[in-house]
2 protein chains.
Amino acid sequence: MAKLDFGPIADTTRRAEIVALLRRAILTGQLEPGQKLNELRISEQMRVSRAPLREAMRELVQEGILTSIPYAGTFVIDVTAKDIIDAYSLNKVLDEFAIELAWPQRDPRFFDELDRRHEAVKQATRAVDTTRQIETALQLHGLIYEWADNSVLLETWQRLTSRLQMYFALHQRARNEPVPAEDVHETYVALLKGTDMRAAQRHAREHIDLDFEELLAYARGLEKRPSKN
Amino acid sequence: MAKLDFGPIADTTRRAEIVALLRRAILTGQLEPGQKLNELRISEQMRVSRAPLREAMRELVQEGILTSIPYAGTFVIDVTAKDIIDAYSLNKVLDEFAIELAWPQRDPRFFDELDRRHEAVKQATRAVDTTRQIETALQLHGLIYEWADNSVLLETWQRLTSRLQMYFALHQRARNEPVPAEDVHETYVALLKGTDMRAAQRHAREHIDLDFEELLAYARGLEKRPSKN
DNA sequence: GCTTGTTAGATTGTCGACAATCTGCTTGTC
DNA sequence: GACAAGCAGATTGTCGACAATCTAACAAGC
């Protein structure tokens, strides 16, 4: 008999589904930064009571994409240029560390996944599906973290990724022209396949993914924007 | 009239107080790893309904010190030797980065705080107050993060700190002899006051705080311990 | 005119009760 | 005795209603 390994069973609580729905809405930019989340309205739209909704919001607050002020409300976090710079600079440091840890762990499965995810990015790019393009690019990026075999590092990166994804989504939403982005990951993938770890780390530290400068300019543009109702 | 700057008002929700209570109980080891948190019992003890308690637990789950299994319960996280190694190694990388960022920001207030927190550690050590000793040592350590002026980094470190504090508390609880720990931070403080940033970074990467090896041995000892009720 | 007190409405925080799910025991069958 | 089915108790998940708090609009006083 073939050896089956079953994945974990799906979370069957409303709370978990609400979390997924809200997170997606925020990360794709459907809920804008600063926007207030009205519990009653949302719970009615989702046909759910406020209890699981509130618990879900509590999770997202801790995840760092919502912020809560007692008796005032829960809001999508505001995005400042400094936030983006901070997240991005930390991301580079973590990348360097992740590469160091993952390097000796690379195996055939790693290279397969690398190609698979790279292909997914290229496909999303061809299809001009910007949301998916961001998702797949971050998943490609995340491979080294999954192979680094350090649960705390992986968790940290996933938190960071939430924000980066949100930032990029906002940015691409702002300029509604199709994204240029020919394949910017070619070098990255090649270096991860190679034998020079230092070179890969240097690339991670120096390479600017996905128009970082433009993203920053956009963020500076929406500084101090009033929060909406 | 003197210029006053008021801090933010205290959170006045039950939820916030519950979070603080639970966190403290976990980080000081009063609630042991693997232990289940019975909602009804705790809510009765605290004279609070289950709603705010559950929201508080949701926060701590996201904070990484509780874990939740739907319809089964919420438990204090289990501590494995690997968790400790992972957290510790990431901590070193973050330290190095924090020192780099904080270095040019050092000012008289920084050095004052440095001495103040160092003194607090020494005092806790003299008083043989192990819990406080851990707290103060981590606060001393946290100074560079507060001065690094990178909110994402600070937040990341605080998450990590929760766990480290829990690990050390467990360790010290296990061996109930008074901690040896004469002043192990003298060099660290001196380097942060000096002019050689590289040396400070190297020290952060290489120096082993608070008997790390012994902590690990302890963690290996309680691997696979059954969870309690 | 500007500030301060009051009030109504809306929204968040909390509560107690009910529904869904799990666990362990008992019972019946072979 | 071993095993599966089913039941009872306990616990978590969800609900609807009430209490506490905030906001904004308006009135009163200087």
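On a predicted model such as this, the values are computed, not experimentally measured, just so you know.
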Separation of [X] atom [atom1] from [N] atom [atom2], in whole Å?
X: B/Arg41; N: D/dA10; atom1: CZ; atom2: C1'; result: 12 Å
X: B/Glu55; N: D/dC15; atom1: CD; atom2: P; result: 14 Å
X: B/Asn38; N: C/dT23; atom1: CG; atom2: P; result: 15 Å
X: A/Leu40; N: C/dT11; atom1: CG; atom2: P; result: 7 Å
X: B/Lys36; N: C/dC22; atom1: NZ; atom2: P; result: 12 Å
X: A/Glu39; N: C/dT14; atom1: CD; atom2: C1'; result: 12 Å
X: B/Ile42; N: C/dT14; atom1: CD1; atom2: P; result: 17 Å
X: A/Leu66; N: C/dT12; atom1: CG; atom2: C1'; result: 15 Å

Test applied, side chain to side chain contact (heavy atoms under 4.5 Å, CB included); reference residue, B/Met166; option that passes from B/Thr161, B/Asp83, B/Ile84, B/Val79: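 For B/Met166, the side chain to side chain contact (heavy atoms under 4.5 Å, CB included) check succeeds only for B/Val79.
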
Give me each pair satisfying salt bridge (charged side-chain N to carboxylate O under 4.0 Å, His left out) with a member in residues 160-172 of chain A, each pair once, sequence neighbours excluded.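 The answer is A/Arg163-B/Glu155.
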
Report, as yes or no, whether the 6.0 Å neighbourhood of atom CD on A/Gln123 holds more than 12 heavy atoms from other residues, nucleotides or ligands.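 Not buried by this count: 12 neighbours or fewer within 6.0 Å.
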
With a 4.0 Å cutoff (strictly under), does any side-chain N or O of A/Ser49 reach OP1 or OP2 of D/dC15?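 The answer is yes; a side-chain N or O of A/Ser49 sits under 4.0 Å from OP1 or OP2.
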
With a 4.0 Å cut-off on heavy atoms, is [X] in touch with a base, just the backbone sugar-phosphate, or nothing at all?
X: A/Arg54; result: base
X: A/Arg14; result: sugar-phosphate
X: B/Leu37; result: sugar-phosphate

Describe, in one word, how the ring planes of A/Trp157 and A/Tyr145 are oriented to each other, choosing from parallel (under 30°), tilted (30 to 60°) and perpendicular (over 60°).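 Aromatic pair A/Trp157/A/Tyr145 classed parallel.
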
Could you tell me how the ring of A/Trp147 sits relative to the ring of A/Phe110: parallel (under 30°), tilted (30 to 60°) or perpendicular (over 60°)?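 A/Trp147 and A/Phe110: perpendicular rings.
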
Mapping B/Tyr71 and A/Arg50 to their closest nucleotides on DNA chain D, which lands nearer the 5' end?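 Counting from the 5' end, the first nearest nucleotide belongs to B/Tyr71.
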
Starting from the 5' end of DNA chain D, give me the residue, A/Pro70 or B/Pro70, whose nearest nucleotide shows up first.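 By nearest-heavy-atom nucleotide position, the 5'-most residue is B/Pro70.
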
With DNA chain C as reference, determine whether A/Ala72 or A/Ala51 sits nearer its 5' end, using the nearest nucleotide of each.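 Result of the comparison: A/Ala72.
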
